[in-house]
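In the text below, chain A, chain B and the rest are named by the order of the sequence lines, each starting its count at 1.
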Amino acid sequence: MRTILALLLVLAVAPAAAQDDPFGSPMWEVLRGEYFGTAPVVFDGRVAVTAPASAENVFAVPVAVDARGLEGVREIVLLADLNPFPLVLRFRPDAAAPFVATRIKVQQATAVRGAALTADGVWHVGGALVDAAGGGCAAPAQAYAEKDWAQHVGEVQARAWAPGPAGTTRVRLRIRHPQDTGLVAGIPAYFIEELALTGDDGRVLGRLQTGEPVAENPVFTLELHPGATRAVRLRGRDNQAGEIDATIPLPWVGREG
Amino acid sequence: MGASVLAAFLTLSASAAPLTYTLTPIRIAEDTYVFEGTREHFTRANGGNILNPGFIVTGDGVLVFQTGPSRKFGEALRAAIATVTAQPIRKVFVSNLHPDYWLGNQAFADVPIAALPGTIEGIRREGEGIAGNMYRLIGDWMRGTEPVPPTEPAYGSTVVYGRHRLRLIPLEGHTDADLAVLDETTGVLFAGGVVFCDRTPTTPHADVAKWLAELDALEALEVRTLVPNHGRVRNDKACIAQTRDWLTWLDRTLRDSVEAGLDMTEALELPIPERFAGLGVLREEYRRSVAHLWPKIEQAALPRVK
């Protein structure tokens, strides 16, 4: 009886499991187990991943994951299959559109995937192939060419744009950080692990968990629903407990009132 | 049936044949010849033959401009020069550090190879990486290619070889060190990478503002025939204006897009005006330029917040 039940379960999940990886990546089955466990996974064109077909700069390849075609996205995961650290970031769009763009290091030609978790527990996966000369994760940060780099770690540059037709507030932020992967001899891993954006009322707008492949001096583009807040607070920390704390003004809010 | 087997066999033997560059010298002025490459990017199909190297038979030996993307290309270039003249190679000029200007240097190891000091430094610093990337891009065409830096510095000066009086013009903008050479005797300008003609300009080492100043400097010269390293050879200066038009549009578009809040991934897909449709490698080269130029423009446009 138990065997039959097990067989039935296998049959039930088989259609998803049998879905071939459109990118033919040798790492897909491993990554799937590691990041999505036994949750159902479907390849879904509504998760659009934009990245150049060829990486001109392996230290900073622009990537965007746009899951705005899906309803009720709880989380977005960005993976680079063949990187020594495949997990680029996790994004929880608490009060934000399911969209995140950044720049990543690429160690070799790889599939880059965006996965969006919907309320029904299904992971929807889209992706793009990026060809690359390689070595993006195994070089010292450029910051070390500057003597005073350490005095600037954690500095934030940012700007918000007034909501467009989609009703979201676009925010771009850039944080000075070497983002060392730990793969260069004598240079320990040193990278930002957590970032959270909140309104001035304390409401959480979005949370990012970031990994080694995020490029030096990380840049993020997000689409927030800040409500009536006049500024967005950015707080975060790196893996050596360095703090990030900045306030991004929304200068147009409350002007008319 | 028999025919198709034969055809398949012929296809197989063709793909197994050794890779060879076919280089045909075109006479563009008295004593002056150019080899025209394709208006493409480096591929395994073209072997990196995307440049216009040239030579002048001066009466006091041959001057060569650029040695090509691989050792094999350099050897084919030298052999093709020998079909035109028995004069020995007097000197090679390399215009900048990009791969197709100098990776054929091994074939000219017995003669002086001149470049601006900044080019020599750049090749010493980046040459290994540049060569490694070319192995990835064009594959077996690179077999046996080693990075060989130029052997002597060139400076801004006027030099005379045989019947030809040349002006060596040091510039910067397309790269940190761009050498243009004007043959005052014939009016031929070897513009190197400063001018592109019907081929989208490349920007991996570019400073656009300085590049525009370089174009002004070349515009002021008396030029009868302009040899860009990439694109068509023309008997006028029209492509100086074309290069300026492209760079101006590119810079303006990226700045406006950053200002409007676009993300770098969105910038990759922006429309390109119809007037540039005739430029080779348009979208691909535009995207490469976004990678080169966007981060700096963006950084300057984001205010510091506390």
Do we see a donor-acceptor contact under 3.5 Å between the side chains of A:Arg174 and A:Gln157?
yes

Region of B:Glu298 in contact with chain A, defined by heavy-atom distances below 4.5 Å:
side chain

Donor-acceptor pair, side chain of B:Asn52 and main chain of B:Gly37, under 3.5 angstrom:
yes

What class does the angle between the rings of B:His98 and B:His205 fall in, given that below 30° is parallel, 30 to 60° is tilted and above 60° is perpendicular?
tilted

What pairs with B:Cys197 under disulfide bond (SG atoms under 2.5 Å apart), at least two apart in sequence or on another chain?
B:Cys239

Write out, in numerical order, the residues from residues 164-173 of chain A with a heavy atom short of 4.5 Å from a heavy atom in chain B.
A:Arg170, A:Arg172

Are there more than 12 heavy atoms of other residues, nucleotides or ligands under 6.0 Å from atom CD of B:Glu128?
no

Between B:Asn46 (side chain only) and B:Thr43 (backbone N and O only), is there a donor and an acceptor less than 3.5 Å apart?
yes

Heavy atoms under 4.5 Å from chain A: which residues of residues 262-279 of chain B carry them?
B:Leu262, B:Asp263, B:Met264, B:Thr265, B:Glu266, B:Leu268

Heavy-atom proximity to chain B below 4.5 Å, by part of A:Val219
side chain

Whatever's closer than 4.5 Å to a heavy atom in chain B on A:Asn217 counts as neither

Not counting sequence neighbours, list each pair that qualifies as a ring pair (Phe, Tyr, Trp, His ring centres under 6.0 Å) and has a residue in residues 125-145 of chain B.
B:Tyr21-B:Trp141

Tell me if a side-chain donor or acceptor on A:Lys105 pairs with a main-chain N or O of A:Glu212 at a distance below 3.5 Å.
yes

Which residue is it: A:Trp149, A:Tyr190, A:Phe191? I am looking for the one with a ring-ring contact (aromatic ring centres under 6.0 Å, His included) to A:His177.
A:Tyr190

Going by side-chain contact (heavy atoms from CB on, under 4.5 Å), A:Glu75 matches just one of A:Arg207, A:Gln209, A:Arg92. Which one?
A:Arg92

Using a cut-off of under 4.5 Å for heavy-atom pairs, which of B:Ala291, B:Pro204, B:Ala260 has the most such pairs with chain A?
B:Ala260

Relative to the ring of B:Tyr101, is the ring of B:His230 parallel (under 30°), tilted (30 to 60°) or perpendicular (over 60°)?
perpendicular

Bottom line for B:Arg136: the part with an atom under 4.5 Å from chain A's heavy atoms is side chain

Checking A:Thr102 side chain against A:Phe220 main chain: does a donor-acceptor pair fall under 3.5 Å?
no

By a 4.5 Å heavy-atom criterion (distance strictly below it), what part of A:Ala231 contacts chain B: side chain, backbone, both, or neither?
neither

So which residue, A:Thr221, A:Thr50, A:Val156, A:Asn57, ends up with the most heavy-atom pairs under 4.5 Å with chain B?
A:Val156

Under 3.5 Å: donor-acceptor pair, side chain of B:Thr119, backbone of B:Asn96:
no

